[in-house]
K.L.:
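After the C-alpha cells below, expect a handful of questions from me.
Along the sequence shown, the residues carry numbers beginning at 1.
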Amino acid sequence: MGVGEVLAIRVPVGEGAGRWSSRGTARRVLFVVHNVTSAGRLLDVLPLFHDDFRVQLLVTSTESSVFQGGIRELFAELGLPVLPWEQALSTPVDLAVSASFGGQLHRLHGKLSVLSHGVGYTKRLAKGTRDKGQGTRDKGQGSPEATFGLSGEWLLVGGEPFVDGLVLSHPEQLERLRRVCPEAEGAAVLGGDPCFDRMLAARAYRGRFRRALGVRRGQRLVVLNSTWNPEGFFGNGGGQDVLPSLLPRLTAELPADDYRLAAVLHPNIWYGHGPGQVRAWLDQARRSGLTLIDPVHAWRQALLAADLVLGDFGAVSYYAAALGIPVLLAAAAHDRLDPEAPLAAFVREAPRLDPQGPLREQVEKALADHRPLAGPAEFTTSAPGASAALLRQHFYALMDLPEPAAPALLEPLPLPPYDPPRRTAPLHVRTRVRGSDVDIERSTRHAYDSGGDTRLTHVTHLAVHEDTRDPGSLELADVITREGLPDDPRLGGPELWTAEVLRRHPHCSVAVYVTGLGTCTLRTRRRGLFRLSPGVGVGADADADADPAAYASSLYAWLAAGGSVPPGGTTLRMHTAGGVHPMAVEPVPMEPAAVGPVAGEAVATGWPRSAVAGRPGTAGAGPLPG
C-alpha cells in the first residue's frame, strides 16, 4: 500500500473541519516530501514553528519520487496530519515548504519556499534520471543537463518563476542563478544551511558521538560514505566496482584495535535497494566490525566523530571537508556535477584513494598530511549559525505573520544509541612479548597478507567469537570469546560458560567471557581462571582504554611465551592503538576439576596452532606451562 493511498483527511483540514477541530489556527504550513532524502532538510526546519499556537502543521508526499520507501515510517514518526497529494493540491495553505522540485509544486495553493536538500545546488540532471510526475518545465536558459534546482528548467512555468522563495546557502549560488535563470533572481533568499548549522553546534560533543559508536581512545574512526547512483562509491557503474573488494581489505589492513569502521549511505541507497538488502550485501563487513549508520537521524553525528572519510562526490563528503575532516575520494564522477559549483572544485582537488594500493599506508598518510581545503568551509554557508533566524524570518514573511518573540532555534543533534562494533568474524592476532609488555595487532585476515607490523611475530593465534557464522573456525580457534552480563542465566555466567567452551572445543586453549567495557573473565586449561581489568602501570597512558578481548589475547600470548601469574596477580602492559594499556590480571579461585578433559577428547596442548602452523621462519609459542 503506497503513501498515495492515504484517505483524504477531514481534521484539521477538509470538509467540515471547523466543526471537528478543537483549535482554530490563523495559518497553515504544509511540508512537501519528495522522498526521505529531501525530508531530512524539512526535519531541520520544522522546529522553527514550534510553540506557535497560530500555526497548523501538515505534511504530504508528492509521490513523484521512485524512492518511496521509508516515507510512511517517517510520517508516523512525525505524527502530523498527512494529506494525500490530490487533497494537498486542492487545500489552500499559507506556506508550503519543500526541499526538492519533485512533483507538480506549481499547482499548490499557497506561497512556496524551496530549500536545497544537499550542500547547495550542485548536481546536473543526467538524461533519463528525472522522477515521474514532474510536470512541464520551461527550459529557460538552461540545457538538457541543467543544474538541478538552479535553472529555468526547474524554476519556471510559462516563463515565470513559480517559487516564492528559493533558499540559497551562499551568494555564489545566486551568481550562478543570475547567469542561467535571471527570471528567478527575485525569489532568491540567502538563508544559510540549517543542516550544517546543527553540525557546527554539536562539534563540542564529538567525544560523546565517538563513544556512542564504541570508538576507544587511540582508535581512528574511518567513515565510508556514498551518494546514490551508479557512479557513487557504493555503485558499480563508474568504470570499476570498488566496494566488494575494498571492504574485506579494509578490515584486514586496518587493525581492529587501531581503527573503527562505519558507513554512511545515501537514503536512496537504503530505500532504493531496501535496508535488508544493504545489510545482506554488507554482512561480512558488518561481522568484521563495520557499523551501518542510520541515514536520517545519525549520519551527522558519525561525521562529527570521524577521523577520516572515504567518500565520493556527494554532499556528505563535502560537509566533512567543510568541518575540517580529512577526505579521500574513492569515486569522483565529474560529469554529475555543475563544473562551476564549489563541490566540483573540491572533487577536482581532493586526494584520491588508490583502491589497489596499500590501504593503511594511504589512510595514515591522509591523516598525517591533511591540510583543509579552503573551498568547503567557505562555500557551504555564508551565514554559519544564523540559518534559524534567517529562515524563520523568511517563512513568516511569506505567511504575513509576525514572528514569535522567542529566538529562532534549531533542534540539537540527538545523542545516538550506544552502538559498539560486534566482531564475530575470526580475528588473526599477532603479538610480540617483551617482559611484561605485549604488543598486539588484530585483523580479520592473516597478518602476513595484510601489510601489518612485521615485528609482531612472537606469538600468532586465532581468536574466534562464539557466534561466528563459520562453526569450523571454532575448531581452529586458540581463543574463543563472547560478551555477556555476569549474571546472564542463559549463559550461566563467566565461570560456567568458559568451562563449557573448553569442554566443547578440545583444541581451544583459552575461553574469554567479556563482562563489561574494560573487563573480562578468562579461563585457560592448565592455569585456571583469571579476571582482567584496566590497571595502573608505569608509562601507561592516563586515558588508556582497550577492548577486553585484546587484553585476553595479550595474556594468552604472555603465558604462551613463558609468563606465570603469581598468586597475588600481576599487571601487564598491552601496546596497541598507539598507546599503552595496563591490564590487571587477577587469579580467581575455583573448585577442583572445574575444567578437565572429557572422555574421548584430546586435551589442547596450548600451542597457538591456527596461524603459525606451516609458516617457516615464525617463532611460534610453546605449550602453556602446566
Side-chain angles (χ1 to χ4, degrees), residues 35-37 39-40 65-74 76-77 209 212-215 221-238 241-252 254 256 259-303 305-306 309-312 314 316-317 330-331 355 359 414 416-427 443-445 464-471 473 481-483:
N35 51 33
V36 170
T37 304
S65 175
V66 299
F67 302 104
Q68 289 294 294
I71 295 178
R72 179 180 295 279
E73 294 81 3
L74 182 70
E77 181 181 337
F209 299 149
L213 284 170
V215 180
L221 174 62
V222 177
V223 171
L224 283 61
N225 165 241
S226 179
T227 189
W228 75 279
N229 70 51
E231 288 80 19
F233 187 12
F234 193 83
N236 62 350
D241 191 3
V242 172
L243 196 65
S245 60
L246 191 66
L247 283 172
R249 290 185 55 218
L250 282 169
T251 58
L254 301 183
Y259 290 93
R260 172 82 167 95
L261 297 176
V264 171
L265 303 178
H266 194 285
N268 288 356
I269 295 175
W270 274 94
Y271 297 111
H273 295 283
Q277 178 62 77
V278 172
R279 286 191 287 266
W281 276 330
L282 301 181
D283 180 69
Q284 176 63 37
R286 293 168 59 224
R287 288 186 284 114
S288 298
L290 176 76
T291 293
L292 297 178
I293 302 299
D294 183 325
V296 177
H297 299 295
W299 68 268
R300 284 171 286 204
Q301 296 90 320
L303 207 61
V309 171
L310 295 182
D312 58 16
V316 173
S317 295
L359 299 178
Y418 182 55
D419 191 13
R422 189 170 187 268
R423 296 182 180 89
T424 60
L427 287 173
S443 61
T444 57
R445 187 182 297 173
V464 181
H465 196 284
E466 189 183 35
D467 290 340
T468 180
R469 282 279 294 275
D470 178 12
S473 63
T481 68
R482 83 159 302 120
E483 310 84 22

K.L.:
Hey, does V316 have a side-chain heavy atom less than 4.5 Å from the side chain of L303?
P.N.:
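Touching, per the 4.5 Å side-chain cut-off.
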
K.L.:
Please round to the nearest 0.5 Å and tell me the distance separating atom CG of L250 and atom CG of L290.
P.N.:
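If we round to the nearest 0.5 Å, L250:CG and L290:CG are 9.0 Å apart.
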
K.L.:
Find out whether N225 and L310 are in side-chain contact, i.e. whether some heavy atom of one side chain is under 4.5 Å from a heavy atom of the other.
P.N.:
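With C-beta onward as the side chain, the pair stays apart.
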
K.L.:
Once side-chain contact (heavy atoms from CB on, under 4.5 Å) is applied, do any residues pair with P417, and if so which ones, sequence neighbours excluded?
P.N.:
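Listed in chain order: nothing, the list is empty.
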
K.L.:
Any chance you could measure H273, atom NE2, to F234, atom CZ, to the nearest 0.5 Å?
P.N.:
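With rounding to 0.5 Å, NE2 (H273) is 6.0 Å from CZ (F234).
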
K.L.:
List the residues meeting salt bridge (charged side-chain N to carboxylate O under 4.0 Å, His left out) with R249, not counting sequence neighbours, and say none if there are none.
P.N.:
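With sequence neighbours excluded, R249 shows a salt bridge (charged side-chain N to carboxylate O under 4.0 Å, His left out) to E253, given in chain and number order.
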
K.L.:
With sequence neighbours left out, which residue pairs that include part of residues 264-280 fulfil the salt bridge (Lys or Arg N to Asp or Glu O under 4.0 Å) condition?
P.N.:
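Pairs touching residues 264-280 that pass the test: none.
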
K.L.:
Roughly how far, to the nearest 0.5 Å, is OG of S226 from CG of L265?
P.N.:
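Rounded to the nearest 0.5 Å, the CG-OG separation comes out at 6.5 Å.
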
K.L.:
Show your working on side chain to side chain contact (heavy atoms under 4.5 Å, CB included) between R445 and T251 and close with a plain yes or no.
P.N.:
CA-CA 8 Å; R445 187 182 297 173; T251 58; over 6 Å; no

K.L.:
Who pairs with T481 by side chain to side chain donor-acceptor pair (under 3.5 Å), at least two apart in sequence or on another chain?
P.N.:
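Testing T481 for side chain to side chain donor-acceptor pair (under 3.5 Å), a comparison that skips the adjacent residues, returns none.
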
K.L.:
Considering non-hydrogen atoms only, spot the tightest contact between A212 and P416 and give its length.
P.N.:
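Taking A212 first and P416 second, the nearest heavy atoms are CB-O, 3.8 Å.
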
K.L.:
List the residues meeting side chain to side chain donor-acceptor pair (under 3.5 Å) with R423, not counting sequence neighbours, and say none if there are none.
P.N.:
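Per chain and number, R423 pairs via side chain to side chain donor-acceptor pair (under 3.5 Å) with no residue.
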
K.L.:
Is there any side-chain hydrogen bond (donor to acceptor under 3.5 Å, both in side chains) pair reaching into residues 280-296, and which pairs are they, with sequence neighbours excluded?
P.N.:
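Matches after skipping sequence neighbours: R260-T291, D283-R287, D283-R469, Q284-R287, Q284-S288.
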
K.L.:
Is any side-chain heavy atom of L243 less than 4.5 Å from a side-chain heavy atom of N236?
P.N.:
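No - every pair of side-chain heavy atoms lies 4.5 Å or more apart.
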
K.L.:
Heavy-atom distance under 4.5 Å between the side chains of L247 and L224, does that happen here?
P.N.:
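They are in side-chain contact.
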
K.L.:
Show the nearest heavy-atom pair for residues P421 and L213, with the distance to one decimal.
P.N.:
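P421 and L213 have their closest heavy atoms at CD-O, 3.7 Å.
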
K.L.:
Is there a side-chain contact between I269 and V278, using heavy atoms and a 4.5 Å cut-off?
P.N.:
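They are in contact (side-chain heavy atoms under 4.5 Å apart), so the answer is yes.
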
K.L.:
With sequence neighbours left out, what residues match E231 under side chain to side chain donor-acceptor pair (under 3.5 Å)?
P.N.:
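If we apply the side chain to side chain donor-acceptor pair (under 3.5 Å) test to E231, skipping adjacent residues, the hits are R336.
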
K.L.:
Can R72 and E77 be said to form a side chain to side chain contact (heavy atoms under 4.5 Å, CB included), step by step?
P.N.:
CA-CA 9 Å; R72 179 180 295 279; E77 181 181 337; over 6 Å; no

K.L.:
Are any of the side-chain heavy atoms of L246 and F233 separated by less than 4.5 Å?
P.N.:
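Yes; the side chains approach each other to less than 4.5 Å.
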
K.L.:
Is there any salt bridge (Lys or Arg N to Asp or Glu O under 4.0 Å) pair reaching into residues 262-274, and which pairs are they, with sequence neighbours excluded?
P.N.:
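Of all non-adjacent pairs touching residues 262-274, none passes salt bridge (Lys or Arg N to Asp or Glu O under 4.0 Å).
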
K.L.:
Determine whether T468 and P426 make a side-chain contact, defined as any pair of heavy atoms from C-beta on separated by less than 4.5 Å.
P.N.:
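In contact.
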
K.L.:
Can you list everything that forms a side chain to side chain donor-acceptor pair (under 3.5 Å) with D470? Sequence neighbours excluded, please.
P.N.:
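For D470 there are no side chain to side chain donor-acceptor pair (under 3.5 Å) partners, ignoring immediate neighbours.
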
K.L.:
Report yes or no: does Q301 contribute a side-chain atom to a donor-acceptor pair with the main-chain N or O of H297 at less than 3.5 Å?
P.N.:
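Pair found, side chain donor or acceptor close to backbone of H297.
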
K.L.:
Could you measure the distance from the CG atom of L221 to the CZ atom of F209? Nearest 0.5 Å is fine.
P.N.:
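Going from CG on L221 over to CZ on F209, the span is 12.5 Å.
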
K.L.:
Looking only at non-hydrogen atoms, find the nearest pair between D312 and G232 and report the distance.
P.N.:
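That closest heavy-atom pairing would be OD2-CA, 3.6 Å.
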
K.L.:
Indicate the atoms forming the closest heavy-atom contact of G314 with T227, along with that distance.
P.N.:
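Looking at all heavy atoms of both residues, the shortest contact is CA-CB, 3.9 Å.
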
K.L.:
Provide the closest heavy-atom pair for D241 versus G235 in the form atom of the first, atom of the second, distance.
P.N.:
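Looks like OD1-O, 3.8 Å.
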
K.L.:
Measuring only between side-chain heavy atoms, which start at C-beta, is E466 closer than 4.5 Å to E483?
P.N.:
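No. Closest side-chain heavy atoms not under 4.5 Å.
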
K.L.:
Which residues satisfy the side-chain contact (heavy atoms from CB on, under 4.5 Å) test with P267, sequence neighbours excluded?
P.N.:
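Partners of P267 under the side-chain contact (heavy atoms from CB on, under 4.5 Å) test: V36, T37, Y271, P295.
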
